[in-house]
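This report refers to the structure that appears directly beneath it.
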Amino acid sequence: MNQFLSQPLSLVNGSVFILSGVILLGVVLGFVTYAIYFERKIIGWMQFRIGPNRTGPLGLLQTVADVLKLLLKEDIIPAAADKPLFILAPLIAFTPAFAVLAVIPFTESLHFADMGVGILYYIAISGITTLGVLTGAWSSNNKYSLMGGMRAAAQMISYEIPLIMSLVGVILMTGSLNLVDIVKKQQEMGVWFFIPQIIGFCIFIVASLAELSRTPFDLPESESELVAGYHTEYTGFRMAFFFLAEYVYMFGMACLTTLIFLGGWLPPIAFLGFIPGIVWFIIKFCGVIFFLIWLRATMPRIRADQLMQLGWKVLLPLALVNIFLTALIKALV
Amino acid sequence: MGALRTEEMILNLGPQHPSTHGVLRLVVTLDGETIKHIDPVIGYLHRGTEKIAEDLNYTQIIPYTDRMDYLSSMINNYNLVHAVETAMGLEIPERAEYLRIIVMELQRIASHLVWFGTYLLDLGAMSPFLYAFRDREHILRLFNELSGARLTYNYMRVGGLKWDVTPGWIERTAEFVSYFKKELEGYHQLVSGNRIFLNRVRDVGKITAEQAINYGMSGVILRSTGVKWDLRKDEPYSIYDRFEFDVPVSTDGDCLARYHLRMEEMKQSIRILEQALPQFPAEGEFWGKVPRVLKVPAGECYTRIEAPRGELGCYLYSEGKDKPYRLKFRRPSFVNLSILPELLIGDTVSNMIAVLGSIDIVLGEVDA
Amino acid sequence: MLGFAKGLSYTLKSMTKKKVTSRYPDEPVIMPDRFRGIQHFDPEKCIVCNQCARICPTQCINLVGKAPSDPAKKGKVIDTYDINFEICILCDLCTEVCPTEAIVMTNNFELATFSRDELFKDLKWLDANNTNVRKEQH
């Protein structure tokens, strides 16, 4: 990909770019479809039942049926809602989800943009989704939506800080924000970052769960709590956008975890290097997704005030300690 | 700059709930996140059982009692049947008594399993619900074989029981008992050590013993405040005095205490079953000698038993006919719900669901 | 922390165990013999004693008898027999009191229809409902 980017723009180049974008879009949408399917299946297996198995062979077309249902629903916009904002909110929520995928390197050569500030770009752009959530909550003209949306926004903002802080340790050790460099550094070190940066790894896992609004931090989605979420007034197609944003973020966050802490496309033992890197990437990625699903099946939900306490009083100091220790060890060694 | 003017908001936790308690409506007055006042509105499931009962003879009322606390039908059946038998002074054969105890303790386990599953579902964990229902399915299958239905058994009769056990039923129940003993450990492994769960239920909804007695609480709620009161031990009915079991009591008074007490109660029910099943008489009548037409002598009588939710009582006023003049059920969920307003004032909205779940109400019983 | 690990291992182990889903409606659910399903009525055996209608707690049974076609025979013969399944609670008291086992329960339970009119079952339907008849009759 780098060779294409360094050449001046021509017909061949342009069509490669567009085609590869479309392929990535297809891959991500396929991932979303089957992530939902596998989530339902795996949670079903953990609960002594089989998941969906009637639509299509083995139930593989279940998500397709669900999405089709959502698309065919009546598009309701509340009469007193702020119409332009109401329509704009899902777009603001979901466009950054796709935009961040540009910096993710799947293997050393298979990536889109080789930015020097890859991690920063990811974190910065993914913050725009919070704006989308707030816009949706506000424009719904529903006090419960607003309360739910504000809680969701507070959660997302509070946990972005420990998320980035936990990565600073890795950045210090690598010396660069570029994701390809980070994986190369792990190759050089011979050990993946989750071992030397174990504290950072734990903080990152917790913070990423909160960013994704996954259990145990799924307060915005929970309906057995009092307030319905920010997407109460959204139906059909627009709600599908919010859900799509969530799953594409899952894709992005799992990729990020794999790259930064689990060695990206590197094999665990150098001997197994003949297996292409993309296979290792996919295996680790699937492991992270399985872990997220596994947590959803097991954990109860954390309370709203305890969530904020956890983010500010526990994770942030720990992340600072992590940075301090990393810097200290780097200076001494 | 003066004090900030705040306005109270009235929130309606409508009769349609995501939490599976039934059709309870709570009108909550909030000031920010703090609850200022709660008004439970009940009656959405009122079916006029007590009034209908004035027109039916005692055997005909039994199917109606099934449907009051539909999660513990056997015990509701027993409540009515026990009142009539006490009023008439009937003697129940041994085998029927043993079978009644076995069936009631199994029912207690089934009812607590539903509570366990739904409580954790309210708190956000979706798996324990299915594990609880998988185990409850065994009990329901046993009951289906014994009485012909899975939820509304209509099994007890005045003077005994309707059917005898089928061949092999006692052995299968014993198998279930040993299987469930292990599963109960599994629940503790899954839930009891979980930090998130503990943070949500510890020190939430604390009740003092004085409050509990003043409000007429009974069952697990009373025992969680330190008052050791269990009708199976303190006013033994049927043949409970022949079995050895403990009554778990805690002094914490919070939701965690009630959780642990109910889990312990399931363990004690297993203990009773382990004693009752081997002692089950090999032969005997399952329905004693009762007159063709059941006439309760004129007068009134009140009997009470220990239901999974508390003290379930039956007040019977008879004029000597075969139909009661007035039949009143003292339903534990109805009385236990009355503490909710006092308990939750000053607490936050997020704790409301946890507290409501730990009081364990069934709307069929609240409304009758 | 340990609590989390124990819980996670429990769900992981459950993933590999046998599933308890039953394949209804592809596979029919076999109920035990004593199951109280929809009633079956045999008009030959009915002596029109009216006990079932009297004992029914919800009064959903309506029956009418007529004189037998053979004038030498005594007693009555059943003319119409209706059960209103909107209010029948399948409590089994009617079969308990029937002296001739004219009304018995079967193990069928699939009564759902699209229209309420179809829930009012008459003598012909109840007579025809003779599959899976319960063997144990008190």
Side-chain angles (χ1 to χ4, degrees), chain A residues 39-51 142-148 150-151 154-155 202 205-206 209-210 213-229 232 292-311 313-315, chain B residues 7 9-14 16-21 26 28 30 32-35 117-135 137 183 186 189-204 259 344 347-354 356-357:
Chain A
E39 176 161 19
R40 289 170 71 166
K41 271 292 203 189
I42 292 176
I43 293 187
W45 289 335
M46 288 184 176
Q47 294 169 345
F48 289 97
R49 51 187 182 88
I50 48 184
N142 179 343
K143 61 182 151 175
Y144 308 139
S145 265
L146 187 59
M147 274 175 72
M150 284 184 5
R151 270 199 195 161
Q155 175 182 324
C202 295
I205 294 283
V206 176
L209 282 171
S213 295
R214 298 278 303 178
T215 315
F217 302 102
D218 63 346
L219 210 58
E221 289 175 6
S222 73
E223 274 143 23
S224 77
E225 296 286 319
L226 175 58
V227 189
T232 326
L292 291 176
I293 297 177
W294 188 14
L295 272 184
R296 183 169 184 203
T298 318
M299 298 283 151
R301 199 175 298 127
I302 201 170
R303 209 168 62 197
D305 54 326
Q306 290 167 349
L307 182 111
M308 299 311 252
Q309 276 186 25
L310 184 68
K313 290 191 194 171
V314 176
L315 289 183
Chain B
E7 248 183 52
M9 178 170 86
I10 296 188
L11 200 61
N12 184 28
L13 213 63
Q16 286 165 316
H17 254 278
S19 331
T20 52
H21 294 296
L26 292 173
V28 185
L30 290 173
E33 279 269 322
T34 353
I35 297 179
T118 54
Y119 190 47
L120 279 151
L121 195 61
D122 287 347
L123 293 178
M126 45 168 101
S127 302
F129 178 75
L130 285 131
Y131 298 142
F133 271 65
R134 179 198 49 150
D135 292 330
E137 192 64 26
E183 289 300 315
Q189 191 190 10
L190 179 62
V191 178
S192 304
N194 193 315
R195 262 319 243 341
I196 301 176
F197 169 73
L198 290 173
N199 283 343
R200 278 208 72 172
V201 290
R202 209 195 296 264
D203 294 331
V204 167
Y259 164 82
L344 282 174
D347 212 340
T348 62
V349 160
S350 6
N351 283 336
M352 185 164 65
I353 305 284
L356 189 61

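Below, chains carry the letters A, B, ... as their sequence lines are ordered, and counting in each starts from 1.
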Quiz item: Can you say whether Ile43(A) sits under 4.5 Å from chain B via the side chain, the backbone, both, or neither, judging by heavy atoms?
Solution: side chain
Practice problem: Answer with side chain, backbone, both or neither: which region of Arg296(A) has an atom nearer than 4.5 Å to a non-hydrogen atom of chain B? | Solution: both
Quiz item: Which atoms of Leu190(B) come close to chain A, meaning under 4.5 Å heavy atom to heavy atom: side chain ones, backbone ones, both, or neither?
Solution: side chain
Quiz item: Which region of Phe197(B), side chain (C-beta onward) or backbone (N, CA, C, O), has a non-hydrogen atom less than 4.5 Å from a non-hydrogen atom of chain A, or is it both or neither?
Solution: both
Quiz item: Excluding sequence neighbours, so at least two apart, what forms side chain to side chain contact (heavy atoms under 4.5 Å, CB included) with Gln306(A)?
Solution: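 Ile302(A), Arg303(A), Asn199(B), Arg200(B).
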Quiz item: Taking only residues two or more places apart in sequence, or in another chain, which ones meet Thr34(B) in a side chain to side chain contact (heavy atoms under 4.5 Å, CB included)?
Solution: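 By the side chain to side chain contact (heavy atoms under 4.5 Å, CB included) rule, Thr34(B) matches no residue at all.
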Practice problem: Under the side chain to side chain contact (heavy atoms under 4.5 Å, CB included) rule, what do Ile35(B) and Thr348(B) come out as? Steps first, then yes or no, please. | Solution: CA-CA 6 Å; Ile35(B) 297 179; Thr348(B) 62; over 6 Å; no
Quiz item: So, does Ser127(B) use its side chain to make a donor-acceptor pair with the main chain of Ala297(A) at under 3.5 Å?
Solution: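 Yes, Ser127(B) side chain to Ala297(A) backbone: donor-acceptor pair under 3.5 Å.
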